[in-house]
Amino acid sequence: MPELPEVETIRRDLAKFVLHERILSVQVRDKRILKGLKPGILIGKEIVEVQRRGKAVIFCLKPNGYWVVQPKMTGQLIYGQDNEKSKLTFRLSNGAHLNYNDQRLFGKLTFVRELNEMDFLRTLGPEPLAEEFTGEWLAGRMKKRTTSIKAFLLNQNFVAGIGNIYASEILFRSGIKPQKQAGSLKMREIQTLHQQTIEVLAEAIKLRGTSMNTYLDASGQKGGFMKRIKVYGREHEPCPICQTPITRILQNGRSSFFCKRCQR
DNA sequence: CGGGGCTCCTGTGCGC
DNA sequence: TGCGCACAGGAGCCCC
């Protein structure tokens, strides 16, 4: 479900609620949710920081370790009362509860001593809102790649946190069609793409993310970026710039939305 | 190695 | 109403 802006919204909200709370107990209502995590290892630990890398929430624990949550498509972390419909619930030292739900069971929960134990984090590309994410860096990674620019943006090793919605929105705002080979972009296009990536993600964070379907923030509320979505999920609707009907195509098994007139 | 297809799983909405 | 199919904010694995 969530991409970088949604995960960042969850992270910020949770940080307000759970910082310096201890995990007192855990209730597992559906073992399939665990994916190998032994939840008992979290009991008694204090949450000293809530971080994010890409689409992963990272709870930094005292005296040691990290609890890493990758919600993938439909995972939800919701803070509040004990929810009996939730598949996993933690009771915290402030008396509140942290519920984890995941309709499709793709989400991954991991406990590690060190973050670099996780392949996903070790190989993850730079944060798009951090300084190390530059046009030059993008250009270096795109060089000679024959894959589509859409697939390139979804590859977490190149840029951390972009998913299917924001990939379409970033490419629309950049005027680049999703089928274009990554390696064929001119420096000028790369600079535009770089700038639009930052703008779209920053604006989406400001508006607390996008709620297409199942995404809810840590309080169970929907995101506000929906009204800024120009192409994603809008097949046949008029392009907001030129009125040409929006096109949907499949790339690597996933939908891409674009304007065939505005994006070249 | 890069690129693309398939897979994990449940739920919903659509056309017939 | 019921059925079957397409599709859903991800990412790992496998094969060419």
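As the structure is a prediction and not an experimental result, all values here were calculated from the model. Here is the naming used below: chain letters follow the sequence lines, and residue numbers restart at 1 for every chain.
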Among dG2(B), dG4(B), dG10(C), the one nearest Glu3(A) by side-chain distance: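 Among the listed nucleotides, the one closest to the side chain of Glu3(A) is dG10(C).
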Pairwise salt bridge (Lys or Arg N to Asp or Glu O under 4.0 Å) hits with a residue in [range], at least two apart:
range	answer
residues 130-154 of chain A	none
residues 27-41 of chain A	Arg29(A)-Asp82(A), Asp30(A)-Arg32(A)
residues 39-51 of chain A	none

Roughly, in whole Å, what's the span from [atom1] in [X] to [atom2] in [N]?
X	N	atom1	atom2	result
Leu109(A)	dG10(C)	CG	P	17 Å
Leu124(A)	dG10(C)	CG	C1'	13 Å
Arg141(A)	dC1(B)	CZ	P	12 Å
Phe257(A)	dA8(C)	CZ	C1'	10 Å
Phe152(A)	dG3(B)	CZ	P	10 Å
Leu4(A)	dG10(C)	CG	P	12 Å
Arg53(A)	dG10(C)	CZ	C1'	16 Å
Asn155(A)	dG3(B)	CG	C1'	10 Å

Distance between the P atoms of dC9(B) and dC13(C), in whole angstroms? 15 Å
Please report the distance separating the P of dA6(C) from the corresponding atom of dC6(B), rounded so that it comes out in whole Å.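 To the nearest whole Å, 13 Å.
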Please enumerate all residues that pass side chain to side chain donor-acceptor pair (under 3.5 Å) together with Ser255(A), with sequence neighbours excluded. Arg248(A)
Check the orientation of Trp67(A) and Phe59(A). Use parallel for under 30°, tilted for 30 to 60°, and perpendicular for over 60°. parallel
Relative to the ring of Phe225(A), is the ring of Tyr166(A) parallel (under 30°), tilted (30 to 60°) or perpendicular (over 60°)?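 Rings of Tyr166(A) and Phe225(A): tilted, 30 to 60°.
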Report whether Leu24(A) and Leu88(A) are members of the same hydrophobic cluster (ILVMFWY, side-chain heavy atoms less than 4.5 Å apart, transitive linking).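 Leu24(A) does not cluster with Leu88(A).
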Checking Ser93(A) against Glu21(A) for the side-chain hydrogen bond (donor to acceptor under 3.5 Å, both in side chains) test, could you report, in this order, the C-alpha distance in whole Å, the side-chain angles of both residues, the deciding distance, and whether it holds? CA-CA 5 Å; Ser93(A) 46; Glu21(A) 301 302 333; 2.8 Å; yes
Identify the residue among Glu6(A), Glu3(A), Glu127(A) that makes a salt bridge (Lys or Arg N to Asp or Glu O under 4.0 Å) with Arg52(A). Glu127(A)
Nearest 0.5 Å, what's the CZ-CD distance between Phe258(A) and Glu235(A)?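 Separation between the atoms: 10.5 Å.
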Let me have a per-nucleotide readout for nucleotides 11-16 of chain C, 5' to 3', with B, S or -, counting only protein heavy atoms under 4.0 Å. SS----
Any chance you could list the contact pattern along nucleotides 5-16 of chain B? Use B for base contacts, S for sugar-phosphate-only contacts and - for none, protein heavy atoms under 4.0 Å, 5' to 3'. S--BBBS-----
Enumerate donor-acceptor pairs with a distance under 3.5 Å from any side-chain N or O in residues 183-190 of chain A to protein atoms, sequence neighbours excluded.
unit_1    : atom_1 : unit_2    : atom_2 : d
Ser184(A) : OG     : Gln181(A) : O      : 2.7
Glu189(A) : OE1    : Lys186(A) : N      : 2.9
Glu189(A) : OE2    : Lys180(A) : NZ     : 2.9

Would you say dG4(B) has OP1 or OP2 under 4.0 Å from some side-chain N or O of Thr147(A)? yes
Linking directly or through intermediates, with side-chain heavy atoms under 4.5 Å: list the remaining ILVMFWY members grouped with [X], chain and number order.
X	result
Trp137(A)	none
Val48(A)	none
Leu115(A)	Ile58(A), Tyr66(A), Val68(A), Val112(A), Met118(A), Phe120(A), Leu121(A), Leu124(A)

Toss me the dot-bracket line for DNA chain C: Watson-Crick and G-U wobble, both under 3.5 Å, 5' to 3', using | for pairs to another strand and [ ] for crossers. .|||||||.|||||||
Below 3.5 Å between N/O atoms, which protein atoms pair up with nucleotides 5-7 of chain C? Just atom names and distances, please.
unit_1 : atom_1 : unit_2    : atom_2 : d
dC7(C) : OP1    : Arg248(A) : NH2    : 2.6

